[in-house]
Amino acid sequence: MSVLENLGRVRERISAAACRAGRSPEEIKLLAVTKTVPLEMIREVIEGGVTSLGENRVQELVQKYRDLPIGLEWHLIGHLQTNKVKKIIDKVALIHSLDRWPLAEEINLAALEKNIVARVLVQVNIAGETSKYGLSPLELVDFVAAAARLPGLDVRGLMTIAPWTENPEEVRPVFRRLKELAVHLKNKKAGATLQYLSMGMTGDFEVAVEEGANILRIGTAIFGERH
Ligand SMILES: *Cc1c(COP(=O)(O)O)cnc(C)c1O
C-alpha cells in the first residue's frame, strides 16, 4: 500500500472510532510522526492534506523544518534536553514532553527571551514504567500549578505513551486515567488550559480515540516500519 492509501485508511479508522464514541472526527488532530522518514514520503502526506508533523529528536526536527515548506505545524514529541530548547522553541507549535521541573524553567526562559509563550503538554507516566519519562500522577497537580505560573509557558494539556502491548484493550485504562487526570486538574483549577490529550499511536490509537484523545501521534501506520 502507498503512503497515501495508508493515510486514508488511518483516517477512516479514526472516524469510525470517533463515531463509536459519539465524537466528531474533526475534533481530533492527526500528527504524522516523521522520525527517520525520508522527505519524499513526508511530501506525499503533505499532498494528502496533513499539516501537523511530529518529531522526537531536535536535530531531525530542525533539519526537516528547514527542508520542508513553511506553514506546517511542528510538534516535538520526544524527550527534550534542556540545552536544546533554544533550537526549537520558536519552530514548534507544541512541545508534548514537558517531564521535569528544570525543563519547565528552561522553556520559560527561552520563551521570554524570544518574547513568545511556549505551548506545552505535560507528559505523564501513567503505568509507572521505569523505561519511560513523565511525571507520576501523584506529582501532577503541584507540577501543573507551578508550571502554569511561569509567564513563558502555556500548559495546554497532557500527553502519555502507553506501554507496548499486542492487545490495545489492555491499555484502555491508561488512556482513561489520563482523561480523568485532566478532569481532576480542571476541577482543581490548576491554572492550565487543559484542551489537549495527546495519546494514541499506531498500535492503540482507536482505543485512545474512544477514551477521549484529541491529538494522535501516528508513524508506522502511515509510513510503514521504520528502518
Ligand atoms: C515514534 C513515536 C510515535 C509514533 O509511533 P508509531 O507506533 O510508529 O505510530 C508516537 N509518539 C512518540 C513519542 C514517538 O516517539
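Just so you know, ligand 1 is whichever comes first in the structure, and atom 1 is the first atom listed for that ligand. What you see is a predicted model; the values in this text were computed from it and never measured.
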So if I count the atoms of ligand 1 from 1 in the order they appear, which ones are less than 4.0 Å from some heavy atom of [X]?
{"X": "Lys35", "value": "1 (C), 2 (C), 3 (C), 14 (C), 15 (O)"}
{"X": "Asn56", "value": "15 (O)"}
{"X": "Ile218", "value": "9 (O)"}
{"X": "Ile161", "value": "13 (C)"}

Could you tell me the residue and atom name of the protein heavy atom closest to [atom], and the distance to it rounded to 0.1 Å?
{"atom": "atom 5 (O) of ligand 1", "answer": "Met201 CE, 3.5 Å"}
{"atom": "atom 12 (C) of ligand 1", "answer": "Ile77 CD1, 3.5 Å"}
{"atom": "atom 4 (C) of ligand 1", "answer": "Arg217 O, 3.6 Å"}
{"atom": "atom 9 (O) of ligand 1", "answer": "Thr202 OG1, 2.5 Å"}

Counting only heavy atoms not in Glu47, do more than 12 fall under 6.0 Å of its CD?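 Open: at most 12 neighbouring heavy atoms sit under 6.0 Å from CD of Glu47.
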
Tell me the closest heavy-atom pair linking Gly212 and Leu197, and the distance in Å.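 Here Gly212 and Leu197 meet closest at O-CD1, 3.6 Å.
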
Smallest separation among heavy atoms of Pro137 and Arg177, with atom names: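 Nearest heavy atoms, Pro137 then Arg177: CB-NH2, 3.8 Å.
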
Should the proximity of His96 to ligand 1, defined as any heavy atom under 4.0 Å, be assigned to the side chain, the backbone, both, or neither?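 Neither part.
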
Using heavy atoms and a threshold below 4.0 Å, how should the contact between Thr220 and ligand 1 be classified: side chain, backbone, both, or neither?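 Both of them.
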
Report yes or no: do Thr34 and Glu55 form a side-chain donor-acceptor pair below 3.5 Å?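 Yes, because at least one side-chain N or O of Thr34 sits under 3.5 Å from a partner of the opposite role on Glu55.
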
For His75 and Glu73, test the side chains for any donor-to-acceptor distance below 3.5 angstrom and give the result as yes or no.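 The answer is yes; a qualifying pair exists.
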
Is there at least one pair of N or O atoms, one from Gly219 and one from ligand 1, spaced under 3.5 Å apart?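 Right, the criterion is met.
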
Can you tell me which residue among Arg172, Arg176, Lys179 is in a salt bridge (charged side-chain N to carboxylate O under 4.0 Å, His left out) with Glu210?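 Passing option: Arg172.
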
Is there a donor-acceptor pair under 3.5 Å between the side chain of Lys91 and the backbone N or O of Lys87?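 Yes.
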
